[in-house]
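Note sheet for the following structure.
Just the heavy atoms: all of them, side chains too, but no hydrogens, waters or symmetry mates, feed the values below. Residue numbers begin at 1 in each chain, while the letters A, B, ... track the order of the sequences.
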Number of protein chains: 4
Amino acid sequence: MNTFGRKFRVSIFGESHGEAIGVVLDGVQPGIPLSEEDFAGDISRRKSGPKGTTPRTEDDAPEILSGVYNGFTTGAPLSIIFRNRNTRSGDYKLFGDMPRPGHADYTASIKWLDFNDPRGGGHFSGRLTLPIVAAGVVAKKMIGYKVSAELVEVGGVSREDALASYREEALPDGGIEEKDTPGASEIWKDVLDEAIREKDSVGGIVECRVTNVPAGLGEPFFDSVESLISHAIFAIPGVRGIEFGDGFRAAAMKGSEHNDPFDTADSSGLKLHINVHPSKNGAGGVNGGITNGNPIVFRTAFKPTSSIGKAQETFNFATGEICTLQIPGRHDACIALRTPVIVEAMTAIVLADLTRML
Amino acid sequence: MNTFGRKFRVSIFGESHGEAIGVVLDGVQPGIPLSEEDFAGDISRRKSGPKGTTPRTEDDAPEILSGVYNGFTTGAPLSIIFRNRNTRSGDYKLFGDMPRPGHADYTASIKWLDFNDPRGGGHFSGRLTLPIVAAGVVAKKMIGYKVSAELVEVGGVSREDALASYREEALPDGGIEEKDTPGASEIWKDVLDEAIREKDSVGGIVECRVTNVPAGLGEPFFDSVESLISHAIFAIPGVRGIEFGDGFRAAAMKGSEHNDPFDTADSSGLKLHINVHPSKNGAGGVNGGITNGNPIVFRTAFKPTSSIGKAQETFNFATGEICTLQIPGRHDACIALRTPVIVEAMTAIVLADLTRML
Amino acid sequence: MNTFGRKFRVSIFGESHGEAIGVVLDGVQPGIPLSEEDFAGDISRRKSGPKGTTPRTEDDAPEILSGVYNGFTTGAPLSIIFRNRNTRSGDYKLFGDMPRPGHADYTASIKWLDFNDPRGGGHFSGRLTLPIVAAGVVAKKMIGYKVSAELVEVGGVSREDALASYREEALPDGGIEEKDTPGASEIWKDVLDEAIREKDSVGGIVECRVTNVPAGLGEPFFDSVESLISHAIFAIPGVRGIEFGDGFRAAAMKGSEHNDPFDTADSSGLKLHINVHPSKNGAGGVNGGITNGNPIVFRTAFKPTSSIGKAQETFNFATGEICTLQIPGRHDACIALRTPVIVEAMTAIVLADLTRML
Amino acid sequence: MNTFGRKFRVSIFGESHGEAIGVVLDGVQPGIPLSEEDFAGDISRRKSGPKGTTPRTEDDAPEILSGVYNGFTTGAPLSIIFRNRNTRSGDYKLFGDMPRPGHADYTASIKWLDFNDPRGGGHFSGRLTLPIVAAGVVAKKMIGYKVSAELVEVGGVSREDALASYREEALPDGGIEEKDTPGASEIWKDVLDEAIREKDSVGGIVECRVTNVPAGLGEPFFDSVESLISHAIFAIPGVRGIEFGDGFRAAAMKGSEHNDPFDTADSSGLKLHINVHPSKNGAGGVNGGITNGNPIVFRTAFKPTSSIGKAQETFNFATGEICTLQIPGRHDACIALRTPVIVEAMTAIVLADLTRML
């Protein structure tokens with residue numbers, strides 16, 4: 001239920017405003033160098049802070065409880081917890097009567113009745129993606145090859161278009177300093193400013209690429225690489241769609257356009273040589289459910305943040321009447337900004353499991 | 001590996017040109033009326049025959065080996081096989097040297113080496129969707145509520161546009177007879193004719209709707225309804241993407257547009273009453289991974305059929321040179337035509353499992 | 001539910017008097033030579049025929065439906081069925097009213113109500129051990145090392161005592177011919193004759209030894225080798241107990257007697273050399289759940305056959321009165337005679353799974 | 001690997017001398033009243049203290065990190081940790097060279113190489129049964145009916161014989177005070193005194209009874225109640241055997257003796273009434289893998305504690321020579337004394353899972 005994987009198993013637990021959240025990783029091979037510092041980089045990528053994310057912050061310091069000895073993984077279950085500190089539970093009872101549109105307030109109360117912990121979204125909170133990012137750090141070490149994700153669209157504006165605007169504004173007379181690698185909050189500054197001004201929110205699209213992945217991972221049908229990755233990706237709150245390679249555009253293509261012909265990329269020409277790559281990548285690196293040695297490429301659509309300050313007409317179950325809800329507090333105007341590292345983590349988790357199952 | 005589900009488990013086996021293909025269903029509750037005739041309807045929807053599908057046909061007659069007694073399921077594993085009859089294995093060795101672009105020929109040989117059965121695609125063949133359709137028939141009986149899928153786009157032409165053209169041609173002077181419910185092969189006749197003429201293929205998009213689904217199915221995170229459905233859907237050969245509710249469009253929407261406010265659809269106003277529906281359905285019926293009582297709605301993108309008669313430049317691993325491949329035989333110009341019933345089956349399988357897990 | 005294993009998965013189906021029984025093996029590695037003839041040896045060991053087993057026989061011919069191509073396993077699911085032929089269903093409705101003591105008639109009707117197939121025990125029949133034996137044949141090929149089981153006690157008489165009597169009777173003047181390797185039915189002839197005469201039945205104890213098993217298989221706690229083997233062994237109908245190494249006797253031993261000290265069996269003295277064996281084997285080859293390189297040794301207690309011709313006082317649910325039941329037909333006087341090969345199969349299945357999980 | 005169960009899943013983690021040990025319980029239904037105090041009773045039954053157990057003690061205070069809100073389980077994963085405090089790691093490197101006979105030192109080093117945490121047995125330590133006892137407390141609340149285990153034999157002396165001696169000594173002139181319910185350490189005082197005097201250890205047999213268990217739990221074959229219980233029981237360190245009902249004695253019985261006839265215990269005579277009990281219980285409450293409504297009864301054999309102060313001749317892998325090992329420190333002379341509550345916990349865990357799977 002709250003576990004993913006067969007041989008490398010990731011189990012998450014915790015509530016947003018409870019004692020702690022955490023993760024147990026079972027099936028980590030022994031001998032991987034690991035310390036609490038190793039988590040800092042990926043955890044900081046998930047943190048709020050830049051424009052478009054909530055000003056509320058947690059220190060998000062991982063505490064390894066088991067599975068590491070003398071600086072290496074032991075082979076025993078690796079457990080990591082994060083204490084919850086910056087919790088302001090406020091009056092979540094309000095959302096019992098007036099479930100927030102787009103949130104799990106209503107469905108959680110259907111499923112777990114009045115026993116559900118509603119504080120900060122409880123177990124349904126996006127905060128649970130923090131232990132997933134931690135699991136991803138370990139998974140990345142297990143697989144060795146590179147998983148990288150980045151935003152390619154925010155609020156309907158493509159990365160290219162946003163970059164063009166950013167660079168225009170960043171001209172000497174544009175007033176802002178141009179950076180070599182501006183962050184997403186800078187690139188899509190205009191889109192985010194508008195959403196913040198309107199107390200509204202925007203969504204985004206994340207593209208993930210896995211390079212140097214060995215051919216032969218995955219199974220036909222139920223355990224296809226796409227099945228497993230999509231399973232994990234839809235476990236991230238706010239995902240509305242996923243597509244591999246040419247994705248939805250493939251539906252409008254001819255077979256002669258979409259097919260990836262094989263080519264001579266590999267000088268040896270050996271059939272089993274993993275460097276034999278198709279010349280293009282409409283399939284996103286997977287044929288018949290199994291990696292073909294090409295990069296795995298997929299895109300994930302994130303909806304706009306559900307919590308918005310703007311007034312929404314919704315239903316008050318206590319009074320039985322339509323009412324206006326303005327969600328108090330400070331929110332992420334664009335939750336997608338914080339998700340590329342989560343997409344990477346989920347992908348690495350899937351690949352670590354597939355590699356262990358070989 | 002070739003099994004899906006926890007409490008209702010579907011296991012498929014078989015090769016396209018082997019003795020038989022089949023499925024074992026474990027966890028079927030006792031007392032469901034079932035006979036071999038019950039499979040005819042859905043199996044015929046998957047069959048080839050109409051324009052745009054291969055002229056090669058199998059009788060696809062199910063043989064129930066176990067799990068049914070006196071016309072009812074017993075509770076014991078239900079196994080069903082289909083003998084393969086219309087097999088013309090021909091020279092599949094060719095595809096050992098020249099793996100067909102878009103097919104699993106290459107990845108299967110990486111995974112299972114020379115032991116892979118290549119005849120007709122072997123275990124990777126789309127023929128394995130036949131036992132999945134059979135499993136879907138049982139799953140639909142288990143859940144009781146309605147799962148229905150249909151093509152909404154073929155070759156880049158939407159159902160609305162195609163229907164408009166069809167109706168125009170079907171005017172008394174247009175020469176063809178207008179039907180109340182024309183089949184997809186008729187609606188998209190022009191698109192299919194072009195693909196067939198060019199010995200090429202086209203893709204399509206299938207929309208699936210589940211109505212009267214109870215609220216409360218699914219789990220937060222890893223066993224979200226979207227995770228499980230996408231897992232099953234990507235097990236269908238040829239799928240490139242899936243999106244729920246507003247899908248990829250949600251990424252370009254504002255939160256105030258995308259959120260589903262609650263409304264007074266239910267006169268009782270009782271929070272737990274499953275008729276309390278959000279007024280729109282941008283979420284596709286799922287919040288926080290759990291059904292909210294609204295219809296589950298999702299779309300699946302199918303790529304164009306990989307096997308095309310049109311010449312493709314690809315690589316010959318035997319000669320080590322680029323070569324031209326014209327795949328002989330007769331193929332589905334649009335495999336998507338046969339997939340709506342497969343999408344339904346996969347969806348029903350997921351829901352039957354979730355219902356059993358309650 | 002009807003499946004065992006993680007990476008090598010064995011799923012059984014079928015009813016005693018239905019169309020067919022069978023098994024699907026998922027996770028068989030490609031390249032194992034396999035044909036239908038390979039099953040003959042083990043299947044014949046399970047067959048009835050010798051004294052003490054039922055005179056009713058089936059041909060038990062396996063039909064491989066998938067997973068084998070050109071004489072080798074392919075890597076795809078391997079499915080095998082056995083048609084039921086020699087079925088005389090007779091009046092099993094009788095056992096609906098008067099459930100047979102020791103049988104599953106009663107519990108099956110609690111679990112699956114009136115939908116249970118009662119003919120010949122239906123899905124609960126010992127006949128389902130036939131596909132398990134078939135799975136064992138494949139598992140044995142997968143692991144490569146030797147699993148062998150034999151009866152060490154029948155009807156309370158040890159193998160040593162029974163052999164002594166047998167040899168005494170087999171003296172030239174004893175009238176019967178002494179064989180080098182007499183079958184169990186010959187060794188325990190006297191015990192069996194008595195049971196048959198009394199229309200009663202006897203139990204037995206099977207000892208299983210796995211030699212040359214590599215050290216390092218298994219996991220601490222839940223997936224200990226003993227946990228997995230006992231799980232599989234108790235799936236055989238009629239098992240009442242299992243013990244490893246010194247077994248129940250260990251409970252009455254001192255630690256200094258029971259502990260297995262390490263010794264110099266291996267000339268290299270390398271700690272990781274799998275030939276480093278403890279000098280005795282009170283632990284049955286497993287420490288902390290993990291194989292230590294010593295033979296795995298365990299004993300399984302089989303109850304006397306439940307079906308006896310002798311009159312039993314039991315309850316008639318139709319009349320609500322105590323009644324006398326004489327089970328008609330011909331039965332195994334000692335079902336344990338047919339079980340060593342089943343114990344071997346279950347053990348090999350567990351070890352094949354553990355080896356695949358490494 | 002370190003998880004048990006399908007619908008109610010128990011995952012343990014931790015090392016004896018690491019930061020903390022713990023357990024995650026997934027699939028707990030919402031609404032069970034639960035607080036940290038609820039664990040005190042069962043945890044104290046596992047604690048050392050009485051004669052025959054180690055004088056080393058931990059406070060064993062559970063810390064609930066998630067899954068409980070306002071005093072009730074929420075439905076989300078329930079996680080509990082126990083900090084390790086009383087750790088004296090000493091020189092466990094010694095056991096790297098001279099693995100302790102009967103322990104997992106050797107097999108752990110085969111499995112996890114030099115990365116294994118050897119301190120106090122690391123992840124292989126019996127200390128991991130503490131979170132299992134905690135899981136059992138929750139499982140007992142989930143099932144509602146009674147699971148109770150007690151020692152019936154220690155060091156080869158039956159409870160009856162030991163009680164007789166105890167009572168004899170407890171006569172007014174015998175010097176000790178007779179109690180209504182003497183503890184096991186008192187009953188088997190003589191046996192334990194001898195073992196302690198000799199710096200040796202003794203084993204024991206635990207009998208477990210589950211009463212008021214509903215009929216119909218379990219599955220035929222692989223998920224038989226015996227399969228699942230034995231799986232869980234062999235996960236307890238030190239178990240050498242398990243038997244149900246008549247157990248190993250059944251192998252020496254006639255069918256007419258061992259079979260459980262049905263009787264009129266239930267006045268209604270309704271077949272489906274769960275009070276219809278067989279008149280005896282040779283089957284231990286299970287037929288065909290499924291509970292029949294009779295108490296589940298089984299016995300578990302525990303070996304003598306592996307760690308003994310008495311000198312043992314064993315092998316020193318560092319010197320390559322036979323050596324004498326005297327394990328320093330203070331040990332349980334009879335670990336079986338602490339196991340009845342662990343047996344109960346494992347049994348309750350299995351039954352909670354089966355009940356959730358219904």
Give the table of side-chain donor-acceptor pairs shorter than 3.5 Å for residues 134-141 of chain D, with sequence neighbours excluded, one pair per line with atom names and distance.
{"from": "D:Lys140", "atom 1": "NZ", "to": "D:Asp42", "atom 2": "OD2", "distance (Å)": "2.6"}
{"from": "D:Lys140", "atom 1": "NZ", "to": "D:Glu344", "atom 2": "OE1", "distance (Å)": "2.7"}
{"from": "D:Lys141", "atom 1": "NZ", "to": "D:Pro33", "atom 2": "O", "distance (Å)": "2.7"}
{"from": "D:Lys141", "atom 1": "NZ", "to": "D:Asp38", "atom 2": "OD2", "distance (Å)": "3.0"}

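- Contacts of D:Ile21 with chain A are absent, with no heavy-atom separation under 4.5 Å from either backbone or side chain.
- Applying the ring pair (Phe, Tyr, Trp, His ring centres under 6.0 Å) rule to D:Phe4 yields the partners C:Phe222, D:His231; only residues at least two apart in sequence or on another chain are considered.
- A search for side-chain hydrogen bond (donor to acceptor under 3.5 Å, both in side chains) contacts involving D:Asp26 returns A:Asn2, not counting sequence neighbours.
- Of residues 66-84 of chain D, those residues with a non-hydrogen atom less than 4.5 Å from any non-hydrogen atom of chain A are, in numerical order, D:Ser66, D:Gly67, D:Tyr69, D:Phe72, D:Thr73, D:Thr74, D:Gly75, D:Ala76, D:Pro77, D:Ser79, D:Ile81, D:Arg83.
- Interatomic distance, CZ of A:Arg6 versus CE of D:Met1, reported as 11.5 Å (0.5 Å rounding).
- Here the closest non-hydrogen pair linking D:Arg9 and A:Thr3 is NH2-CG2, 4.4 Å.
- Comparing D:Pro118, D:Gly27, D:Ala108, D:Gly122 by heavy-atom pairs within less than 4.5 Å of chain A, the highest count is held by D:Pro118.
- Only the side chain of A:Glu63 comes within contact range of chain D, judged by heavy atoms closer than 4.5 Å.
- Counting heavy-atom pairs closer than 4.5 Å to chain D, the top-ranked of the candidates A:Phe124, A:Trp112, A:Phe13 is A:Trp112.
- Of the listed residues (D:Gly31, D:Gly14, D:Ala20, D:Gly18), the one with the most heavy-atom contacts under 4.5 Å to chain A is D:Gly31.
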